[in-house]
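Just so we're on the same page: letters track the sequence lines, and every chain starts at 1.
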There are 2 protein chains.
Amino acid sequence: MKMGVRNDKKTTMQDRLGKIKTFYKKHKRLPSYSEMLQIFGLSSKNSVFKIVSKLIEAGFLKKEEDKLAPTSKFFALPLIGLVKAGFPILAEENRDYLTLDDYLIGDPQSSFLLKVSGDSLIGLGIFDGDIVIIEKKRLATSGDIVLAQIDREWTLKILKKDGMRTHLESANPKYPPFYPRNELEIFGVVKAVVRKFN
Amino acid sequence: MKMGVRNDKKTTMQDRLGKIKTFYKKHKRLPSYSEMLQIFGLSSKNSVFKIVSKLIEAGFLKKEEDKLAPTSKFFALPLIGLVKAGFPILAEENRDYLTLDDYLIGDPQSSFLLKVSGDSLIGLGIFDGDIVIIEKKRLATSGDIVLAQIDREWTLKILKKDGMRTHLESANPKYPPFYPRNELEIFGVVKAVVRKFN
DNA sequence: TAGTATAGTAAACATTCGTTCACTTTGTCA
DNA sequence: TGACAAAGTGAACGAATGTTTACTATACTA
């Protein structure tokens with residue numbers, strides 16, 4: 001059996017990669033070679049050296065300027081498309097990889113999260129309790145979901161520019177459009193929404 | 001003005017923290033002290049040493065077993081609640097911090113992402129093009145959103161157990177419930193959903 | 001069964017690491 | 001103006017780092 005060998009090797013490698021991932025998740029950094037010694041239960045640094053070399057070859061780690069660092073493949077989750085009837089839904093090939101943080105957050109410096117309350121945006125699939133990622137900015141274009149202060153009251157709504165005037169709308173037929181009496185100040189634009197089940 | 005001093009200091013610190021964050025985002029690791037020298041444009045390692053000490057005090061970095069590592073505050077985005085009329089929406093105090101990856105992904109090893117196609121779950125706020133986080137498992141409880149194979153066809157639906165029988169439902173009145181002719185095999189449970197706008 | 005690649009051990013190495021000490025410069029407040 | 005804290009410089013240090021070389025044990029292949 002030709003594949004037997006390669007699979008055994010692979011599982012061991014995956015095991016070790018898993019141990020490194022666990023370490024990384026806990027410590028937010030890669031273990032040093034000495035630490036890998038303990039993690040792997042080995043006793044020669046050269047063993048670690050070889051293992052790391054293979055992980056670099058496999059594309060999970062990399063070196064830049066002699067420093068070891070994880071690649072994006074190290075973090076990313078496999079992203080698959082739902083092929084209607086096809087089988088190879090979890091096959092190794094044709095996989096994309098995606099890191100949620102990178103995918104969702106453009107500029108971390110100017111972003112923050114907001115826990116949504118209310119049902120005024122259910123039409124856009126934003127429910128009570130969802131968390132939206134907001135990018136701080138004072139300008140937005142018509143159709144953007146904005147965090148704004150309308151006549152001193154904070155709200156999360158859809159920005160609509162009809163000619164000269166600007167107003168806010170809900171995504172729920174229950175609520176009427178909001179026309180500012182005096183001020184309408186925009187503080188940020190919703191870039192993404194996330195929701196956890198259970 | 002008492003605050004003037006502290007604010008000036010803070011911005012400098014924030015600047016430097018920002019530079020470290022930028023480095024981290026690019027290299028997926030913290031810069032060494034020598035690298036910080038370049039990043040900060042300084043020329044004595046001891047300067048870096050002092051700066052790092054302050055960042056540790058401020059709670060952005062930490063040491064464990066003599067190794068420098070970022071804290072969760074280093075990564076996290078501020079999470080705020082929408083106080084109806086209150087002002088201090090972006091105030092430093094009373095802030096929660098949240099890392100999306102940690103928040104959304106429970107067990108990275110057994111999780112993968114799936115790009116949703118179709119409108120069968122719009123009732124749950126899961127739209128065409130959204131990405132769901134799925135945890136691999138073969139068992140689920142009634143009400144879970146599951147990735148399943150029903151009579152050889154892959155689908156993402158709500159699992160319903162009515163007594164002995166098990167079937168799948170949509171979250172869209174357009175579609176009828178699906179009762180398996182022969183087989184119904186569960187492959188994973190949807191733990192979260194994310195959607196990017198624009 | 002002999003041959004050979006794979007995995008691990010052991011010791012030695014220069015390099016880089018973070019830290020400490022002593023000193024200088026800058027800026028603020030009384 | 002003088003005093004004092006904050007911010008930065010420069011050199012020196014032991015300790016830990018990743019890498020190399022040489023050797024051993026295991027296991028698959030022919």
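Counting side-chain heavy-atom gaps under 4.5 Å among Ile, Leu, Val, Met, Phe, Trp and Tyr, the cluster of F127(B) also holds I122(B).
Here the P atom of nucleotide dG18(D) and the CG atom of L55(A) are 14 Å apart, to the nearest Å. When rounded to the nearest whole Å, the span between CZ of R29(B) and P of dG18(D) equals 12 Å. Atom CD of E65(A) is separated from atom P of dG18(D) by 16 Å (rounded to the nearest Å).
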key: B/S/- contact track for nucleotides 9-17 of chain C, protein heavy atom under 4.0 Å   = BB-----SB

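Donor-acceptor pairing under 3.5 Å is recorded for the side chains of T155(A) and K157(A).
Here R16(B) does not reach the OP1 or OP2 of dA7(D): none of its side-chain N or O atoms lies under 4.0 Å away.
Looking at N182(A), its side chain never comes within 3.5 Å of a backbone N or O of D151(A) through a donor-acceptor pair. Using a distance-only test at 3.5 Å, with no hydrogens or angles considered, no donor-acceptor pair links the side chain of D130(A) to the main chain of V116(A).
Considering only residues two or more places apart in sequence or on other chains, F178(A) meets the ring-ring contact (aromatic ring centres under 6.0 Å, His included) condition with none of them.
Using cut-offs of 30° and 60° on the angle between ring planes, the pair F75(B) and Y24(B) is perpendicular.
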